[in-house]
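Input: a single structure, listed below in structure tokens.
What's counted below: heavy atoms across the whole structure, side chains too, no hydrogens, waters or symmetry copies. Below, chain A is the first sequence line, B the second, and so on; all start at residue 1. Because the structure is predicted, anything quoted here is derived from the model rather than measured.
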Protein chains: 2
Amino acid sequence: MPHQDLQLLGHDCGSCPIRHRAVCARCDADELQQLEHIKYYRSYQAGQTVIWSGDRMDFVASVVTGIATLTQTMEDGRRQMVGLLLPSDFVGRPGRPAAAYDVTAATDLVMCCFRKKPFEELMTKTPHVAQRLLEMTLDELDAAREWMLLLGRKTAREKIASLLSIIARRDASLKLKSATGAVAFDLPLTREEMADYLGLTLETVSRQMSALKRDGVIGLEGKRHIMVPDFDLLVEEAGDDSDGGFLV
Amino acid sequence: MPHQDLQLLGHDCGSCPIRHRAVCARCDADELQQLEHIKYYRSYQAGQTVIWSGDRMDFVASVVTGIATLTQTMEDGRRQMVGLLLPSDFVGRPGRPAAAYDVTAATDLVMCCFRKKPFEELMTKTPHVAQRLLEMTLDELDAAREWMLLLGRKTAREKIASLLSIIARRDASLKLKSATGAVAFDLPLTREEMADYLGLTLETVSRQMSALKRDGVIGLEGKRHIMVPDFDLLVEEAGDDSDGGFLV
DNA sequence: AATTCCGGTTGATCTACGTCAAAGCGACTT
DNA sequence: AAGTCGCTTTGACGTAGATCAACCGGAATT
């Protein structure tokens, strides 16, 4: 079984520090066999649109590698990102024929798609899958609510710090230096995408990034590589009172 | 069977214009019987706190009558509402021991609670319940994402208009005059609660309400009774491009 | 090596909304 | 009738972040 299958199915992550989000982490062999029959892979280049809001969507999918975004757009062009999909995250809604948001590849992207009809059938037969999906959806709902606090009440500086710590936490390379409290990672988003995530303009994002750099909270190498000397300090800047963003 | 049971179970709403959200709209008699055994009712007065964030929570529940809010608070007191629970909405997360948000009664409130342990067991046995819960959670996720667009990108005036149209849409009294495009309803929230919903201050809420009144978009009778002469105009003010906020 | 392009930075200015403060108003208490 | 309490409105003023505009710098193109 190729690597991405393992990742998708959640069996290579015994030491994964974050809650694992793949669809069928607890499926048995027979169920896996059935999923095997209805799945196929699709690749997208960075910047490519996966689906437009309103399009017919006859599959559900899981991100294998790369990053995708969900965004909403108003008639006059104002845009708000409403979802950031990292590897193992799930897209698509059983029981809805059309996509509700634009899905875009932020980086080169590989998705594992399941044909919707048979997936839904599998869901009615195997309680595991529905329950796992419920768990994942509840996690997403929690993330959305954390995000709402960010959008509604945080300052620009706090928003940036929050986003950086969210990305750092979900990025595997985090593990490299975690003992010392220092972290380094590559930003998968442009300044504009960050702005769409945070409900800011790209200019404000740029200014606040510079400010965090000036104040020694982060280091910048080029435009994308972020070095965080003290992760706790970053989290403090983010203004979070939660237990690091992962409840339970 | 008393009225609230009927409402909870979703059997008195054949003509309900909004998507019905009760837990067990599709349960069979046997399942209902089991739910019957693990449920009890609780009442709260307006303003009373149902649960504090972090508290042990050994039940899940469904709102029977009244309105409850979910809010998050930062250390320095900034507050953001992240959920508004109307009758038939569900609170609580199977599989999590503690509450993640403050739950407060915005009006006098009756909730139908299910003891968590047996509810979870019922869920593993009856696919209906898990699937219904998944559906409801996905609806909530959609609402949260619509809300994120509001918080991140809408102006104060648009935010107010959006909130009013959301409440109007979910309020039963809406039906009374819908043929003419006119609607009237009572606001269940104080200005401060509206502000917490919208990521604004209560002063800005008050000013924008006055502005909408001055411009004839709404009429105010006292502080709480809202009359909307032309619902489409209100929706236009809200800046929504969606199909009225209810996706398929 | 020059040109273009794209994403990013920085500066000057504007404005929507927040902050602080005072006063209105209906409901309840004495 | 007067006082007080909670909620709301309104005004004067301040500011964080938006807007508009110029410029920068690396990578790809010629």
When rounded to whole Å, the NZ to P distance for the pair Lys159(A) and dA16(D) reads 14 Å

Keeping the roles fixed (side chain from Thr49(A), backbone from Thr104(A)), state whether a donor-acceptor pair exists under 3.5 Å.
-> no

| query | How would you label the contact of Gly47(A) with the nucleic acid (heavy atoms, under 4.0 Å): base, sugar-phosphate, or nothing? | reply | nothing

Check your understanding: Within the distance-only criterion (no hydrogens, no angle test), does the side chain of Thr107(A) pair as donor or acceptor with the backbone N or O of Ile67(A) below 3.5 angstrom?
Key -> yes

With a 4.0 Å cut-off (strictly under) to non-hydrogen atoms of chain B, the first and last hit nts on DNA chain C, 5' to 3', are dC17(C) to dC20(C)

Item to complete: Go through the steps to decide whether Met57(A) and Val103(A) satisfy the test side-chain contact (heavy atoms from CB on, under 4.5 Å), and finish with yes or no.
Response: CA-CA 11 Å; Met57(A) 191 171 169; Val103(A) 182; 5.8 Å; no

Between CZ of Arg153(B) and P of dG17(D) the distance, given in whole Å, is 13 Å

Below 3.5 Å is the cut-off: list the nitrogen or oxygen pairs between protein and nucleotides 8-11 of chain D, distance only.
unit_1  : atom_1 : unit_2    : atom_2 : d
dT8(D)  : OP1    : Arg224(B) : NE     : 3.4
dT8(D)  : OP2    : Arg191(B) : N      : 2.9
dT9(D)  : OP1    : Arg191(B) : NH2    : 3.1
dT9(D)  : OP2    : Arg191(B) : NE     : 2.7
dT9(D)  : OP2    : Ser206(B) : OG     : 2.7
dT9(D)  : O5'    : Ser206(B) : OG     : 3.2
dT10(D) : OP2    : Ser210(B) : OG     : 2.7
dG11(D) : N7     : Arg207(B) : NH1    : 2.9
dG11(D) : O6     : Arg207(B) : NH2    : 3.2

Look at the rings of Trp147(B) and Tyr197(B) and say which category their plane angle falls in: under 30° parallel, 30 to 60° tilted, over 60° perpendicular.
parallel

Q) Does Thr65(B) reach the main-chain N or O of Leu109(B) with its side chain, forming a donor-acceptor pair under 3.5 Å? A) no

Sequence neighbours excluded, the answer for side chain to side chain contact (heavy atoms under 4.5 Å, CB included) partners of Arg79(A) is Thr71(A), Thr73(A), Asp196(A)

Looking only at atom types and distance, does a side-chain atom of Arg78(B) sit under 3.5 Å from a main-chain N or O of Arg153(A), one as donor and one as acceptor?
-> yes

- Task: Before giving the answer on side-chain contact (heavy atoms from CB on, under 4.5 Å), spell out for Leu70(A) and Arg145(B) the whole-Å C-alpha distance, their side-chain angles and the decisive distance to 0.1 Å.
- Result: CA-CA 10 Å; Leu70(A) 300 186; Arg145(B) 286 172 165 164; 3.6 Å; yes

